[in-house]
Amino acid sequence: MPPVGPRSGDAIFANIERVNAELFTLTYGAIVRQLLTDLEEVEEVNKQLDQMGYNIGIRLIDEFLAKSNVSRCVDFKETAEVIAKVGFKMFLGVTASVTNWDADGTCCSIVLEDNPLVDFVELPDTCQGLYYCNILSGVVRGALEMVSMKTEISWIRDMLRGDDAFELQVKLLKQIPEEYPYKDDE
């Protein structure tokens, strides 16, 4: 039997159990609203959303690897493409594009033309510093850390702030060497 190849984001999305998109969007909005009420400072809400996303990302990577049949990526460029084409499609139902690579191949942008988290959302003037979708940067950071990539993620463009797309800048800080709990040669 030939080896099983990686599945595309569309194929996985078609076969995965989903929740109602409006329910998901409104629930996320309620979480953000509650954080704004509890924490009062927009910058603290941004940090909390990032931390929540990080905690999700370190768990979500297991499901991603189990259901996508993606093999180990050879470099950061391939990893970014897999996140954009398979990961975002698998979990959010949208495809992203990877652009703006630096010369070293350690920094790029992931651009989302569509983002289901922002349906029905308008930011009031009091929340202009809020990165409403900051949970996504945490998810990507957490997932990458679990596959030995220490990254820094920041928002470059945000449609809620009047830009034409959502753009995450992903910067690889270092490749973490894998450590094994025991030596094989003994």
Side-chain angles (χ1 to χ4, degrees), residues 4-13 16 24 28 31-32 35 43-118 130-159 163 165-181:
V4 177
R7 296 168 57 193
S8 75
D10 290 323
I12 299 165
F13 186 71
I16 204 165
F24 175 69
Y28 180 71
I31 290 169
V32 173
L35 285 172
E43 198 51 45
E44 286 301 312
V45 173
N46 287 336
K47 288 178 186 174
Q48 188 65 33
L49 287 171
D50 181 70
Q51 186 59 46
M52 289 169 63
Y54 177 82
N55 292 337
I56 292 168
I58 61 176
R59 290 166 181 80
L60 205 60
I61 189 68
D62 290 331
E63 182 175 355
F64 173 79
L65 292 172
K67 292 184 178 178
S68 68
N69 294 329
V70 172
S71 60
R72 178 180 283 279
C73 296
V74 294
D75 59 10
F76 185 59
K77 285 187 176 188
E78 183 182 350
T79 303
E81 287 292 334
V82 169
I83 291 168
K85 303 287 188 271
V86 182
F88 276 103
K89 184 67 176 184
M90 182 175 169
F91 293 109
L92 286 179
V94 298
T95 303
S97 58
V98 181
T99 60
N100 301 331
W101 281 101
D102 68 354
D104 299 333
T106 59
C107 186
C108 67
S109 291
I110 297 178
V111 179
L112 293 161
E113 301 294 332
D114 185 31
N115 184 345
L117 291 179
V118 299
L130 177 68
Y131 288 104
Y132 185 82
C133 299
N134 215 32
I135 198 165
L136 295 179
S137 61
V139 168
V140 172
R141 186 172 58 88
L144 287 173
E145 196 166 304
M146 291 298 103
V147 291
S148 303
M149 293 183 183
K150 183 83 171 158
T151 56
E152 181 179 282
I153 316 264
S154 55
W155 286 98
I156 303 299
R157 293 188 291 165
D158 188 334
M159 290 176 82
D163 296 320
F166 292 93
E167 181 177 347
L168 276 171
Q169 182 182 57
V170 183
K171 183 177 185 178
L172 178 65
L173 300 176
K174 70 178 183 176
Q175 192 85 29
I176 304 167
E178 292 187 38
E179 295 181 16
Y180 298 100

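Values below: every heavy atom of this structure, side chains too, minus hydrogens, waters and symmetry copies.
- Scanning for ring pair (Phe, Tyr, Trp, His ring centres under 6.0 Å) contacts around Y132 gives Y28, with sequence neighbours left out.
- The backbone N or O of M149 sits nowhere less than 3.5 Å from a side-chain atom of K174 that would complete a donor-acceptor pair.
- Between I58 and G142, the shortest heavy-atom distance links the atoms CG2-O, 3.4 Å.
- Shown here are the side-chain contact (heavy atoms from CB on, under 4.5 Å) partners of M159, two or more places apart in sequence or in another chain: F166.
- Judged as a side-chain contact (heavy atoms from CB on, under 4.5 Å), and not counting sequence neighbours, the contacts of R157 are V111, D163, D164, A165, E167.
- We find the CG-CZ distance between N69 and F64 to be 10.0 Å, quoted to the nearest 0.5 Å.
- Applying the salt bridge (Lys or Arg N to Asp or Glu O under 4.0 Å) test to E113 and every residue at least two apart in sequence or in another chain returns nothing.
- A 4.5 Å side-chain heavy-atom check between C133 and D158 finds every atom pair outside the cut-off.
- Every residue meeting the side-chain contact (heavy atoms from CB on, under 4.5 Å) condition with D75, not counting sequence neighbours, appears here in chain and number order: K77, E78.
- Of the inter-residue distances, the one linking L144 atom CG with K150 atom NZ reads 11.5 Å to the nearest 0.5 angstrom.
- I156 places none of its side-chain heavy atoms less than 4.5 Å from the side chain of N100.
- Here K171 pairs with C107, E152, L173 under the side-chain contact (heavy atoms from CB on, under 4.5 Å) rule; sequence neighbours left out.
- Counting heavy atoms from C-beta outward, D114 and F88 have side chains that stay 4.5 Å or more apart.
- A heavy-atom distance below 4.5 Å is not found between the side chains of I83 and V170.
- Not counting sequence neighbours, E44 has no partner by the side chain to side chain donor-acceptor pair (under 3.5 Å) test.
- Closest heavy-atom contact between I110 and A84: CG2-CB, 4.4 Å.
- To the nearest 0.5 angstrom, I61 atom CD1 is 9.5 Å from M146 atom CE.
- Between atom OG1 of residue T151 and atom CZ of residue R141 there is a gap of 7.0 Å, rounded to the nearest 0.5 Å.
- One finds the CD atom of Q175 at 7.5 Å from the OG1 atom of T79 (value rounded to the nearest 0.5 Å).
- Applying the ring pair (Phe, Tyr, Trp, His ring centres under 6.0 Å) rule to pairs touching residues 65-84 yields F76-W101, sequence neighbours excluded.
- With sequence neighbours left out, the side chain to side chain donor-acceptor pair (under 3.5 Å) criterion links S137 to D50, N134.
- The distance from atom CD1 of I135 to atom CD1 of I56, rounded to the nearest 0.5 Å, is 4.0 Å.
- Here D102 pairs with T106 under the side chain to side chain donor-acceptor pair (under 3.5 Å) rule; sequence neighbours left out.
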